[in-house]
Asks: 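Have a look at this one before I ask anything.
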Amino acid sequence: MPENRADRSQRVPRESESGSGFEAMISLWDLDLKLIDSSRQFQDQLGLSSRKGLSLWEAYPALAKPAWAAIIRQVIDTGTSQTIQLPVSKPGRRDFLLSYIETGLLIIETNSAGTTRSLWNEGNERARLIHQATHDVLTGLPNRRQFSAELAQLLPADGDTCGPALMQLDLDDFKPVNDTLGHGAGDILLQLAAERIKGALDHNGTVYRLAGDEFAIIQVGLEEAGEAETLAEALVNEFKKPFTVNGISLFVGVSVGIAIAPRDGNEGEQLMKAADVALYAAKKEGRRRARTFDPSMLIVVEQRELLRRSLRVALQRDEFFIEYQPLVELPSNVAGFEALLRWRHPTLGIIPPAAFIPMAEADGLMSEIGQWMLEEACREALTWPGHYTLAVNLSPAEFLTPGLTDRISQTLDVVGFPAERLELEITEGVLLERTTNNLDTLNTLNVLGIQISLDDFGTEYSSLSYLKNFPFDTIKIDRYFIKDILQDAKSQTIVRSVIGLAHGLDMRVTAEGVETPQQAVWLQHEGCDRLQGFCISPPLPADRLDDFIRQGARLHSAAASDEPRASL
Ligand code: C2E
Ligand code: CA
Ligand code: CA
């Protein structure tokens with residue numbers, strides 16, 4: 001079993017413990033020969049601040065001599081240590097320069113004690129520097145540098161059949177926490193997550209923090225690949241329990257991608273890529289799960305890269321279009337339409353929003369696309385009869401963009417679309433905390449006369465406090481509760497309660513994803529105000545809306561076909 005590296009933090013010597021009298025001139029370099037950190041004496045003697053990124057040749061011009069540069073290269077390539085005797089600087093004095101590799105760092109130590117011995121045992125500063133360069137300050141876990149160095153060491157010699165396993169972990173929904181509750185809360189969450197991972201590992205492996213909310217685990221001593229999956233499943237389950245940050249309960253899951261050497265790669269980089277691909281598959285399959293690399297996953301990744309590149313230019317190339325799905329006020333009046341974004345990719349065909357919106361958000365493209373969407377939908381809606389409303393979705397990234405309310409009111413002015421006919425749909429994620437900004441944004445939209453709907457209700461945090469504090473006009477109950485409404489007593493209870501809750505708070509209720517007339521009848525009977533779903537109509541392209549609107553009067557018969565129904 002490997003030693004749990006995080007435990008090393010307990011053994012880090014404090015600087016004041018170094019009592020030798022020799023303070024070594026020590027510097028730590030990455031393998032591109034850029035300075036990472038250095039001892040005080042190094043900084044004093046060279047008259048340089050320990051500027052990160054300084055090159056070895058700037059600090060030690062003499063080492064650029066071909067013969068000495070070759071020695072340094074050899075140290076890096078072979079990992080063996082080398083000693084160079086420096087030119088005599090003072091009579092009777094002999095300076096040595098020791099160079100060696102430790103945890104993936106090149107260490108240069110100049111030693112004027114007249115000996116080629118490292119001062120390692122006589123001063124603790126080196127240990128402190130190495131620890132600092134290889135650990136993450138926030139969580140105390142070993143960092144990416146240490147991870148790469150240890151992974152390289154642990155890769156199996158030819159002939160070994162199993163292990164180590166490399167796992168890449170990524171927290172689900174970390175970004176909204178950071179964006180809405182602030183970096184302080186984000187930091188606490190990362191510390192708690194690090195503790196939770198360590199706890200689940202229980203000396204079965206070592207965990208590293210690679211960056212942001214990305215962690216990695218190296219698991220050694222596997223007898224079969226299944227053991228890695230068992231460990232990853234245990235981790236995923238641990239993350240199903242909430243975290244408490246500043247008194248708020250947060251559900252932040254974890255997705256895990258697993259790669260196993262030598263089967264999935266026998267070089268660090270290859271194994272990382274495989275684990276990353278598996279992680280992407282885990283995310284794509286709905287997150288909060290673990291997936292083991294399989295070569296067929298590569299095709300998906302290539303598509304993702306292709307998509308990502310073409311998404312950047314999709315707006316200029318006019319590849320987006322909008323479909324409109326009717327919202328029906330019970331018993332049978334069309335109240336308006338929800339605009340749903342579509343992307344017509346030149347070679348891959350029509351791509352649904354769930355596939356590209358997260359990508360557009362991650363790449364910072366969503367506010368531009370959202371702006372186009374709002375303007376285009378308002379122009380289209382101007383051609384409809386004047387009493388139909390237009391519902392437009394706002395993703396969390398758009399909602400949090402500064403200047404959102406100004407942009408929306410300007411768009412309405414430019415297009416000449418009345419604010420009273422616009423409904424904006426937002427999801428619960430953006431309202432994690434009742435920040436003044438969120439409240440201001442919603443109140444401003446309210447004052448403008450725009451209606452606000454809470455979309456996908458019941459699927460995320462479902463905190464009741466924001467129902468009390470935010471001025472919603474409508475709650476949209478997610479399809480998840482509607483799909484089994486006729487069979488599942490629990491769904492029935494939930495939907496009934498949400499309807500009661502909303503009405504008690506003077507809000508309207510829309511049921512999403514209503515697919516059958518029987519569901520519609522049940523919902524109408526329970527007092528639901530509006531319906532949306534394939535039972536009434538799927539989303540329609542703009543040029544088919546006219547027909548739909550003209551047939552509006554006959555809607556109920558189209559919707560309910562010959563099934564038993566109420567007055568739909
Ligand atoms: P949403 O806002 O919950 O939209 C409803 C989704 O349910 C749509 O999927 C719609 O086609 C689908 N749907 C409607 N009725 C039924 C039904 O009876 N059965 C089933 N199975 N599905 C039904 P779509 O168009 O793929 O959109 C997915 C999500 O993408 C939307 O969920 C919304 O969150 C997001 N989205 C779509 N357009 C935009 C946009 O312009 N901006 C933003 N920010 N998000 C958008
Ligand atoms: Ca919606
Ligand atoms: Ca929805």
Side-chain angles (χ1 to χ4, degrees), residues 176 286 311 314-315 319-328 335-344 349-378 380-381 389-401 404 407-408 411 422-430 451-460 462 472-486 498 509-520 523 528 530-542 548 559-560:
L311 188 55
L315 200 54
E319 290 169 4
F320 291 115
F321 68 101
I322 304 173
E323 289 193 327
Y324 298 87
Q325 188 176 30
L327 285 144
V328 166
F337 297 87
E338 175 178 358
L340 295 160
L341 189 58
R342 304 287 180 255
W343 177 18
R344 190 181 288 108
I350 293 178
I351 299 173
F356 70 84
I357 288 182
M359 214 180 257
E361 285 202 317
D363 290 358
L365 302 169
M366 201 52 215
S367 80
E368 210 184 327
I369 297 173
Q371 173 61 29
W372 172 86
M373 165 86 190
L374 177 68
E375 199 170 321
E376 181 70 19
C378 286
E380 183 65 40
T389 58
L390 164 70
V392 173
N393 293 282
L394 278 187
S395 68
E398 288 174 85
F399 186 80
L400 297 166
T401 315
L404 172 84
R407 217 186 64 205
I408 292 177
T411 307
L422 182 63
E423 284 176 22
L424 294 175
E425 297 194 0
I426 58 171
T427 51
E428 301 170 75
V430 298
Q451 310 253 315
I452 312 285
S453 304
L454 184 54
D455 206 353
D456 303 344
F457 187 75
T459 55
E460 287 185 54
S462 303
F472 297 112
D473 300 283
T474 302
I475 293 178
K476 297 186 80 172
I477 306 180
D478 195 74
R479 179 163 76 234
Y480 178 78
F481 301 101
I482 307 298
K483 64 180 196 300
D484 56 6
I485 194 80
L486 299 175
V498 175
V509 183
T510 302
E512 295 192 285
V514 183
E515 294 189 350
T516 69
Q518 290 87 343
Q519 291 170 340
L523 288 158
C528 185
R530 285 182 174 185
L531 305 184
Q532 186 179 21
F534 294 167
C535 144
I536 293 145
S537 165
L540 300 167
F548 182 87

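Only heavy atoms go into these numbers, but all of them, side chains included; no hydrogens, no water, no symmetry mates. Just so you know, ligand 1 is whichever comes first in the structure, and atom 1 is the first atom listed for that ligand.
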Asks: Could you pull out the atom name of the N/O/S atom in Asp455 that is nearest the Ca ion (ligand 2)?
Replies: OD2
Asks: Using 3.0 Å as the threshold, say whether any N, O or S atom from Ser453 sits that close to the Ca ion (ligand 2).
Replies: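 False for Ser453.
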Asks: Out of Ile426, Asp455, Ile482, Thr427, who is nearest to atom 1 (P) of ligand 1 when you count heavy atoms only?
Replies: Asp455
Asks: Should the pair Arg344 and Phe320 be classed as cation-pi, given the thresholds of under 6.0 Å to the six-membered ring centre and 45° from the axis?
Replies: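 The answer is no; the distance or angle limit is not met.
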Asks: Please write down residue, atom name and distance for the protein heavy atom closest to atom 21 (N) of ligand 1.
Replies: Glu515 OE2, 3.0 Å
Asks: Which atoms form the tightest heavy-atom contact between Ser537 and Pro326, and what is the distance?
Replies: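 Looks like CB-CG, 3.6 Å.
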Asks: Checking Lys483 against Gln519: is there a side-chain donor and acceptor pair closer than 3.5 Å?
Replies: no
Asks: Indicate if the distance from the Ca ion (ligand 2) to the nearest N, O or S atom of Glu425 falls below 3.0 Å.
Replies: yes
Asks: Just jot down the ligand 1 atoms closer than 4.0 angstrom to any heavy atom of Glu398, in number order.
Replies: 44 (N)
Asks: Among all protein heavy atoms in this structure, tell me which lies nearest to atom 18 (O) of ligand 1, with the distance rounded to 0.1 Å.
Replies: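 In this structure, atom 18 (O) of ligand 1 has Phe534 N, 2.8 Å as its nearest protein heavy atom.
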Asks: Identify which of Gln519, Gln325, Met366, Glu361 has a heavy atom lying nearest to atom 14 (C) of ligand 1.
Replies: Gln325
Asks: I need the atoms of ligand 1 closer than 4.0 Å to a non-hydrogen atom of Glu512, numbered in the order shown.
Replies: 3 (O)
Asks: Going by heavy-atom distance to atom 6 (C) of ligand 1, choose the closest among Gln532, Arg479, Glu425, Met373.
Replies: Arg479
Asks: Decide, yes or no, whether a salt bridge links Arg530 with Glu423 under the criterion of side-chain N to carboxylate O below 4.0 Å.
Replies: yes
Asks: Can you report which non-hydrogen protein atom sits closest to atom 4 (O) of ligand 1, along with the distance?
Replies: Leu340 CD2, 3.6 Å
Asks: Are Glu512 and Arg479 close enough for a salt bridge, meaning some N to O gap below 4.0 Å?
Replies: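 A salt bridge is absent here (no side-chain N lies under 4.0 Å from a carboxylate O).
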Asks: Consider only side-chain N and O atoms of Thr401 and Glu398, and report whether a donor and an acceptor are under 3.5 Å apart.
Replies: no
Asks: Give the residue and atom name of whichever protein heavy atom lies nearest to atom 11 (O) of ligand 1, and the separation in Å to one decimal.
Replies: Pro539 CG, 3.3 Å
Asks: Protein non-hydrogen atoms only, distance under 4.0 Å: does atom 9 (O) of ligand 1 have such a neighbour?
Replies: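 Within 4.0 Å of atom 9 (O) of ligand 1, no protein heavy atoms are found.
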Asks: For atom 42 (N) of ligand 1, which protein heavy atom lies nearest, and how many Å away is it?
Replies: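 Protein heavy atom with the smallest distance to atom 42 (N) of ligand 1: Asn393 O, 3.5 Å.
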Asks: Is the closest side-chain heavy-atom distance between Met373 and Ile322 below 4.5 Å?
Replies: yes
Asks: Report the name of the N/O/S atom of Glu512 located nearest to the Ca ion (ligand 3).
Replies: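 Result for Glu512 and the Ca ion (ligand 3): OE2.
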Asks: Test of geometry: compute the angle OE2(Glu338)-the Ca ion (ligand 2)-OD1(Asn393) and round it to 10°.
Replies: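 For OE2 of Glu338 and OD1 of Asn393, the angle centred on the Ca ion (ligand 2) reads 90°.
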Asks: Given Asp456, Ile536, Val514, which has its nearest heavy atom closest to atom 3 (O) of ligand 1?
Replies: Asp456
Asks: Counting backbone and side-chain atoms alike, is an N, O or S atom of Asp456 positioned under 3.0 Å from the Ca ion (ligand 2)?
Replies: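 Within the cut-off used here (under 3.0 Å), Asp456 places no N, O or S atom near the Ca ion (ligand 2).
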Asks: Minimum heavy-atom separation for Gly513 and Ile482, please, with both atom names.
Replies: O-CG2, 4.0 Å
Asks: Nearest non-hydrogen contact with atom 46 (C) of ligand 1 belongs to which option: Val392, Ile357, Ile322, Leu341?
Replies: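 Going through Val392, Ile357, Ile322, Leu341 one by one, Ile357 has the nearest heavy atom to atom 46 (C) of ligand 1.
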Asks: May I ask you to test the Thr474-Val509 pair for a side-chain heavy-atom distance under 4.5 Å?
Replies: no
Asks: I need the nearest protein heavy-atom contact for atom 28 (C) of ligand 1: residue, atom name and distance, please.
Replies: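 Ranked first by proximity to atom 28 (C) of ligand 1 is Pro353 CG, 3.8 Å.
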